[in-house]
Every structure is written in C-alpha cells, then in structure tokens.
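Order of the sequence lines fixes the chain letters, A, B, ..., with proteins taken first and strands second; residue numbering starts at 1 for each chain. Computed from a predicted model, the values in this text were never measured in an experiment.
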There are 2 protein chains.
Amino acid sequence: MNIHSTKKSPTQADLGSKRELIIHATIKLISEYGFHGTPISMIAQEAGVGAGTIYRYFKDKDSLVLDIFKQVNCAFKETLLHGYDANQPIRDRFLHLCRGIFQYGIQNPYEFKFIEQFYNSPYGTTLRREKLFCNCGDTGQDLPLEQVFAAGQAQQVIKELPQAALIALAIGPIVFLVKDSIAGLIQLDKTTINNTLAACWDAIQQETGTNRQPVITPSSPSIEEKP
Amino acid sequence: MNIHSTKKSPTQADLGSKRELIIHATIKLISEYGFHGTPISMIAQEAGVGAGTIYRYFKDKDSLVLDIFKQVNCAFKETLLHGYDANQPIRDRFLHLCRGIFQYGIQNPYEFKFIEQFYNSPYGTTLRREKLFCNCGDTGQDLPLEQVFAAGQAQQVIKELPQAALIALAIGPIVFLVKDSIAGLIQLDKTTINNTLAACWDAIQQETGTNRQPVITPSSPSIEEKP
DNA sequence: AAAGGCGGAATGAACATTCACTCCACAAAA
DNA sequence: TTTTGTGGAGTGAATGTTCATTCCGCCTTT
C-alpha cells in the first residue's frame, strides 16, 4: 500500500502482494542500513504492512534476509547468463559477464548493495567458505567467469594468476564503480563503462609483446613482517 | 586484557592504556560485526573494562567510532606515504601506493575492514560526498594516487578515464583480494601480490601498440533501460 | 583522608517476536 | 437470493529481551 491507497477490497491484485512489498522494503532498507541497522518495525512501515504480517511469510528476521538473498542472488546469476554463449571467444564472454554485472548494478541498485552486504557479512563469508552457494539449478560447478578464466589460461590468452586474483581484477573495479555510482558520487556514461570494461580485460589478458616491465622493485619492503 | 590476565596493580604501564584497549576492541569487533552488530557491552568485555569506562574516554558510541576512524584513517594514509617519492616515475609511484594498500590490509586486517565498513556506511558516504575527509595534515588537496593519475595522463602514460574509474581499477582488485585474504578464503603469496599489482598497472596504463581491440560489441544491449 | 578512575548494576528506550483479535472472501445452509 | 458459518490473512498492542547510557559505591592513588 502506498500513499492514498483507497483501501478498497484487496481481492485479486493483492494476492500474495504483501510478500512482495515486504521483500522490496527489506532489500531497500537493508541495502542502505545493513541487517542490524534495520528493525522489523521499519521494514513493516516501509512495506505498509503490520509488523506481525512479516512473520506470516517468514520465520524470523534471519530467514527473511536469507530467503531474500537466495532469491535475489539467483535472479542476478540468471541475468548474467542471459544471452551468454559459451562458444564465443574468451574476450567476448568475459566482457558479456562483466558488462552484465555493471548493468545489473546500475539497474538494480538496492539488490546490488543487498547482495554485497550479504557477501561481506559473517554469514556470507561462512557460506562462501563452505562453498554452499545458492543451489538455484546449478550443481555447484564453477561459475561461468571461472570457466572463462580456465579456458583463457589454457589458450594462453589470460594471465597465469590464481582464480581469486583474476576474479578480483575483473569484479573489483566494477563493484567499486557501481557502488560510487549508486552513492551518487559519480555519473556513469556508456563510454566510461565500455572503457572500464576494456581496462579490466587489459588487466587479466596475457600480453604478447616483449616490453613487459618487471614488477619487483628492489627497494620495495618485504610484505611479511610489521615494521 | 586477554584470558588469564593476572590483574595485578595497573599502576604505571596501564596509564591511558584503557583507551587503547577500548580502541583495539572496537576496531576488531566492528570490523567483523559492523556498527549496529557490536553492542557496547561486547566492546567492554573484549577490552576487559567496565562498560561505564568507555564513556570516560568517548562521548557516546557514535563518537567512539568516528574518533577511531579518524585516527585509523590518518595512520593508514601516513603508512602509504612512507617512503613515497613524488619524483619517481609514474609507474613506480603507482606501484608504491598500491603495494602499500596491500601491505596495510594484510598486516592490519581489523583496521582495514574497519575503514572499509566505515567508508561504505551511510556516514562514510555522506562524508565522501561532502569531500570532508580527515584533515590529518593534508589541506584537502588531491590524494597522492589522484596526483599520480593526473600526472600520468599528462604524460600520456595512463588511460584517459575519469579519476573515479582509474581509482576503481587500481584499488578495487586490491580491496577485493585483501578481503578474501582476511576472510581466510585465499592465501596471498608475494608472487601473486606482485603479479596482481602489475595487472592493475596494465589496467590503467595507456598502451602504445596498435592492436587494440574495440570494446563496443554491436550486439551488446543498451545499459540505459530495463528490459 | 581526599580525589578521582573504575566496574558493573540500574535505567529507560528500542528491539524481535507473539498472540488475541478483526476482517473479509467464500461456501454451505436456508 | 439471503443468511450464517468458517478459515485464514492481517494487525498492532503486549511481552520479554537487549541495548546505550547513567550512576553510585569501591578502591587505587596521592
């Protein structure tokens, strides 16, 4: 129910709509204030339902968030796979997936930040550690991006770095930029997005030229010990 | 105070040490559970002090966190500047700063996550938007990394991307990797770090070769509208 | 003995969750 | 067609818990 809801008989259109209202309110508020920062009462108010109603659809606050995360995360993954063709060249597949993350983040800012929050929470970290990702159809096999990296390394097209480093190089900048965009700190135009995606590719691609510079500078201090 | 603290007379060495204990406990707990997820009582217990003692050193919970953030953020910036030489080549300066972030994150995981949490909180976002960063000596001028980018662009060494995009390309992967490292999901060795830093440079450097591929694929859908 | 740092019980506000109740759509009965 | 009965969605005040903050008596220091 929004402003001036004429409160007529909620017969048909509202069938199950309360659940959606609650879900959207939860995503919006938690994406901004975090799990502990958003009381149930605030969710109820934002959704325009009674506090008790939330407990008709979700066992408790934990499972409210967990259920929503699974749903949102699956939808996100499906979005990435939309139009994805595993037979295309490595670079095209890489750009498709990365562009998808960009698009999703810009078009679904609340969902994007919600997912981010969850992944960085103790719960999300535990989940990742246990490799118990959302079982939305996939059988626990590698994510498409990881397949792209593996195939690219086999073709000598992608650098010989650990998967985690490649993922960081690909996704890190995107997450960073999208967050700044959502926060209203920057305005992303299409050119910037395309050039940034190209730069992400430059980061992971295996160079063929011979003028590579060394990285290890003799003066750089050891990273092992505290000063 | 850790386990079995012999609780002898806290005469001399503890002068003002309560404050340090509180600060360390706060950083540790908030870096893991977030602001709203860590009660004062938990901080007091972790620090081994009474809850009331915290209010002898800090006005309330808000300023506890804000004061600590300012302190930690300044120390972090100073660490980055340690050994920094503005007369060195662009690439060396870039690598110095990025390596510094890596080192700091690995050596100070709690502080690193604490800073990250703060920057991503509504408070931190507001601060960034108002460009009211910690005034720890600097007169509000550009951060060193931004100077490096500006100078690099003037020398045609660094890509013509918005500052925000360059920062994302440089820092995004590092933050991403360090978080995974702190979470215990990966083990970072020196080679991986060096190669990842080199890859970050590849992302932002202006290429001289002519075999650059275009990015805009004709089939890529528009990013403006929802489907 | 006086002063003040300190711990932790005391306090009131805010929270998650429950529950007794209302309301309405529909169906059976009349 | 009208009346009555029923089940389940919806509600928000009530409940017990947890929180931030205060306060007071103890205990160290001087």
Side-chain angles (χ1 to χ4, degrees), chain A residues 1-2 5-27 29-30 32-69 121-123, chain B residues 1-30 32-69 117 121-123:
Chain A
M1 307 292 165
N2 269 325
S5 70
T6 17
K7 189 114 189 191
K8 46 185 173 183
S9 61
T11 33
Q12 42 179 136
D14 285 354
L15 256 181
S17 78
K18 297 263 159 166
R19 192 170 198 275
E20 289 304 308
L21 288 171
I22 293 166
I23 289 175
H24 285 131
T26 304
I27 292 171
L29 293 174
I30 288 196
E32 180 155 9
Y33 304 112
F35 179 82
H36 295 290
T38 68
I40 289 284
S41 57
M42 199 189 291
I43 295 174
Q45 184 169 50
E46 172 81 23
V49 303
T53 307
I54 293 174
Y55 290 86
R56 299 200 59 77
Y57 294 99
F58 302 95
K59 181 173 150 287
D60 53 20
K61 198 182 173 187
D62 271 334
S63 78
L64 166 70
V65 173
L66 192 55
D67 288 359
I68 294 178
F69 168 74
S121 72
Y123 203 160
Chain B
M1 303 285 169
N2 270 325
I3 322 164
H4 55 212
S5 68
T6 15
K7 189 115 186 192
K8 44 186 173 181
S9 63
T11 35
Q12 43 178 135
D14 286 355
L15 256 182
S17 78
K18 298 260 159 166
R19 193 170 198 275
E20 288 306 308
L21 289 171
I22 293 166
I23 289 176
H24 284 131
T26 304
I27 293 172
K28 176 177 177 182
L29 293 174
I30 287 195
E32 180 155 10
Y33 303 112
F35 178 83
H36 295 290
T38 67
I40 289 283
S41 57
M42 200 189 290
I43 294 174
Q45 184 169 51
E46 173 80 22
V49 304
T53 306
I54 293 175
Y55 290 86
R56 296 201 57 78
Y57 293 99
F58 301 94
K59 180 174 150 290
D60 53 20
K61 198 183 173 186
D62 271 334
S63 77
L64 166 70
V65 173
L66 192 57
D67 288 358
I68 293 178
F69 169 74
Q117 290 244 12
S121 73
Y123 203 160

Next on the checklist: Can you see if the side chain of B/K18 gets near the phosphate of C/dG7 - specifically, an N or O under 4.0 Å from OP1 or OP2?
Outcome noted: yes
Checklist entry - Starting at CD1 of A/I40 and ending at P of D/dG16, how long is that distance when rounded to a whole Å? => result 20 Å
Checklist entry - What integer distance in Å separates B/L29:CG from D/dA20:P? => result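 Spelled out: CG on B/L29 to P on D/dA20 is 12 Å.
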Checklist entry - Within the pair A/Y55 and D/dG10, is there a side-chain N or O less than 4.0 Å away from OP1 or OP2? => result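 False: A/Y55 side-chain N/O out of range (4.0 Å or more) of D/dG10 OP1/OP2.
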Next on the checklist: How many whole angstroms separate atom CG of B/D60 from atom P of D/dT22?
Outcome noted: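 Rounded to whole Å, this separation is 8 Å.
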Item to check | Between P of D/dC19 and NE2 of A/H36, the distance in whole Å | outcome: 10 Å
Checklist entry - Just how far is it from atom OH of A/Y55 to atom OG of A/S63, taken to the nearest 0.5 Å? => result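 Between atom OH of A/Y55 and atom OG of A/S63 there are 9.0 Å.
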Checklist entry - Please give, in whole Å, the distance from C/dA16 P to A/K61 NZ? => result 4 Å
Item to check | Contacts of B/K28 that satisfy side chain to side chain donor-acceptor pair (under 3.5 Å) - sequence neighbours left out | outcome: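 Only B/E46 meet the side chain to side chain donor-acceptor pair (under 3.5 Å) criterion with B/K28.
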Checklist entry - Nearest-Å distance, CD1 (A/I30) to P (C/dC15)? => result 14 Å
Next on the checklist: Going by side-chain contact (heavy atoms from CB on, under 4.5 Å), B/F58 matches just one of B/I23, B/I40, B/V65. Which one?
Outcome noted: B/I23
Checklist entry - Separation of A/F58 atom CZ from C/dT18 atom P, in whole Å? => result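 Taking CZ of A/F58 and P of C/dT18, I get 15 Å after rounding.
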Checklist entry - Where the side chain of B/Y57 is defined as all heavy atoms beyond and including C-beta, which of C/dC6, C/dC15, C/dG7 is the nearest nucleotide? => result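 Looking only at side-chain atoms, B/Y57 lies closest to C/dC6.
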Checklist entry - Looking only at heavy atoms, what is the nearest atom pair of B/I22 and B/V49, with distance? => result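 Minimum heavy-atom separation between B/I22 and B/V49: CG1-CG2, 4.1 Å.
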Checklist entry - Tell me: CE of B/M42 to P of D/dT18, nearest whole Å? => result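 After rounding, the reported distance stands at 12 Å.
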Checklist entry - Taking only N and O in the side chain of A/R56, is any of them less than 4.0 Å away from OP1 or OP2 of D/dA9? => result yes
Next on the checklist: For A/G52 and B/G52, find the nucleotide of DNA chain C closest to each by heavy atoms; which residue's nucleotide sits nearer the 5' end?
Outcome noted: B/G52
